[in-house]
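Values in this document were obtained by computation on a predicted structure and should not be read as measured data. Order of the sequence lines fixes the chain letters, A, B, ..., with proteins taken first and strands second; residue numbering starts at 1 for each chain.
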Amino acid sequence: MPELPEVEIIRQYLDEQLPGRTIACADILLTRQLKYPEPEAFQSLVAGKRMKGMRRRGKYLLLDLQDGSTIVFHLRMTGSLVYDPSGNQRDAYARMVFHLAGGGALVFADVRTFGCVYGFAAGEEIAVSGLQSLGPEPLSEAFTPAYLAQAIRGRKQPIKSFLLDQRRIAGLGNIYADESLFLAGIHPRREAGSLTQAECKKLAAAIQHVLRDGLADGGTTFRNYRNGEGGYGRHQEHLCVYHRAGKPCPTCGRPIEKITVGGRGTHFCPYCQH
DNA sequence: TTCTTAACCTGGAGGC
DNA sequence: TGCCTCCAGGTTAAGA
């Protein structure tokens, strides 16, 4: 399940490989995942276009083309975006294949088909509601303890649910939200608005710490995450609570518990988090 | 306005 | 071995 570190690692690799290359044509193997425009219009939009670079915003990837048009990807839970230099690899779950002039392909694959792709022509507004309403990047200067304190003010929802709200913080997902709360010593069911200034400072620092660790480890792979080369991350080996129910807490040694918060599986230490 | 819940979807795990 | 049920989870729309 790609979150900010995983999406950023994909972006970095593809941004090295794709600029200057030209899309010969696009095969749309599952039209349901192409949200805009219609398949024929999308194919016309990308065919023969030279790629300029890959950007990231939250969990969205934006592939800019030289003519000013943009392809937007969201990998959701099981999506991947992989550059295949040979262009010959066969992925059973490939949903869209961009064949490149001179060989090679950019393959959008997705097991559970929740991911989505959009294409916008030059000058056209990038009308993706989730993308337009994203909160600040947690590793940017805009994300500070003061921002966090202001954003949670008066909120009664659990802090875990708050952290997963992309309108408040862009890019956090279930894994890094659980890890951040553990590092900050905050119980995931705490009312968001009940956090003190000191806890906001601790939580903001924890969020940045776990995201940077995830980036340094090449991301977290549980089932389907693959980086832009088709390889796997290593951060799952360093997680403190996520996916560790029943295993000892790295701080106190007592068992990690798993509960449901806001409909999401949530892992925490009931002794270290308050 | 804020928060919660269901739905989308399919592979894999576990139970029988 | 095969079948069935449940779980996983990011986002959004609908409902409370």
Side-chain angles (χ1 to χ4, degrees), chain A residues 1-8 10-11 29-36 56-62 72-81 91-96 108-118 126-135 137-138 150-181 188-195 207 211 214 219-226 232-233 235-236 239 241-247 256-268:
Chain A
M1 50 215 80
E3 302 181 24
L4 186 153
E6 291 76 34
V7 178
E8 175 60 20
I10 292 170
R11 185 205 69 77
L29 306 173
L30 186 63
T31 55
R32 170 158 50 82
Q33 293 191 259
L34 175 63
K35 303 300 181 184
Y36 179 85
R56 179 192 61 76
R57 180 76 174 91
K59 299 173 193 171
Y60 289 88
L61 283 166
L62 295 90
V72 179
F73 300 89
H74 196 304
L75 306 178
R76 297 286 179 105
M77 291 173 55
T78 56
S80 64
L81 193 59
D91 187 319
Y93 302 104
R95 310 303 186 190
M96 195 176 293
F108 171 71
D110 191 359
V111 174
R112 292 183 195 171
T113 72
F114 278 15
C116 43
V117 181
Y118 307 77
I126 299 179
V128 179
S129 60
L131 178 59
Q132 291 170 314
S133 62
L134 285 175
E137 290 288 326
Q150 172 270 321
I152 64 168
R153 191 172 299 148
R155 303 216 169 264
K156 297 186 182 304
Q157 68 183 146
I159 185 66
K160 167 70 182 282
S161 301
F162 174 88
L163 293 181
L164 294 179
D165 187 343
Q166 303 299 299
R167 296 169 301 175
R168 312 298 174 197
I169 306 170
L172 268 192
N174 213 29
I175 297 173
Y176 294 96
D178 280 4
E179 293 295 310
S180 300
L181 288 169
R189 280 193 177 138
R190 274 277 296 282
E191 199 172 279
S194 76
L195 267 62
I207 289 168
L211 291 175
T220 306
T221 297
F222 270 109
R223 287 199 178 95
N224 303 94
Y225 165 67
R226 290 182 296 159
Y232 301 102
H235 194 58
Q236 65 279 5
L239 296 175
V241 289
Y242 186 83
H243 219 258
R244 295 193 67 245
K247 292 179 179 163
I256 299 298
E257 286 189 10
K258 185 183 178 191
I259 56 176
T260 300
V261 181
R264 292 282 165 262
T266 299
H267 308 75
F268 76 111

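- Backbone-only engagement by A/Tyr93 is indicated by non-hydrogen atom pairs under 4.0 Å involving sugar-phosphate atoms exclusively.
- In this structure, CG of A/Leu30 is placed 8 Å from P of B/dT10, rounded to the nearest angstrom.
- A/Asp110 has its CG atom 17 Å from the P atom of B/dC8, to the nearest Å.
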Next item on the list: Could you encode protein contacts along nucleotides 10-16 of chain C as a string, one character per nucleotide from 5' to 3', using B for base contact, S for sugar-phosphate-only contact and - for no contact, with a heavy-atom cut-off of under 4.0 Å?
Entry: BBS----
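- Closest approach of A/Gln166 to A/Leu172, counting heavy atoms only: NE2-O, 2.8 Å.
- Of the possible donor and acceptor atoms, none in the side chain of A/Arg56 sits under 3.5 Å from a partner among the backbone N and O of A/Tyr60.
- For A/Gly263 and A/Thr113, each mapped to the nucleotide of DNA chain B holding its nearest heavy atom, the one lying further toward the 5' end belongs to A/Gly263.
- Residues A/Arg32 and A/Thr113 have side chains that bring a donor and an acceptor to within less than 3.5 angstrom of each other.
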Pull out every protein N or O sitting under 3.5 Å from an N or O of nucleotides 1-3 of chain B, one pair per line with the distance.
{"from": "B/dC3", "atom 1": "OP1", "to": "A/Lys156", "atom 2": "N", "distance (Å)": "2.6"}
{"from": "B/dC3", "atom 1": "OP1", "to": "A/Gln157", "atom 2": "N", "distance (Å)": "3.2"}
{"from": "B/dC3", "atom 1": "OP2", "to": "A/Arg155", "atom 2": "NH1", "distance (Å)": "3.0"}

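- When all heavy atoms are compared, the tightest approach of A/Asp110 to A/Gly79 is OD1-N, 3.3 Å.
- For A/Arg95 and B/dC8, the CZ to P distance is 17 Å, given to the nearest whole Å.
- Across all strands shown, A/Gly265 has heavy atoms under 4.0 Å from sugar-phosphate atoms exclusively, and none from any base.
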Checklist line | Stepwise salt bridge (charged side-chain N to carboxylate O under 4.0 Å, His left out) check, A/Lys59 with A/Glu6 | finding: CA-CA 9 Å; A/Lys59 299 173 193 171; A/Glu6 291 76 34; over 6 Å; no
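- Among all heavy-atom pairs drawn from A/Pro2 and A/Leu75, the shortest one is CG-CB, 3.7 Å.
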Margin query: Walk me through whether A/Leu61 and A/His74 qualify under side chain to side chain contact (heavy atoms under 4.5 Å, CB included).
Written below: CA-CA 6 Å; A/Leu61 283 166; A/His74 196 304; over 6 Å; no
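- Between A/His267 and A/His243, the ring planes are tilted. Angles from 30° to 60° get that label.
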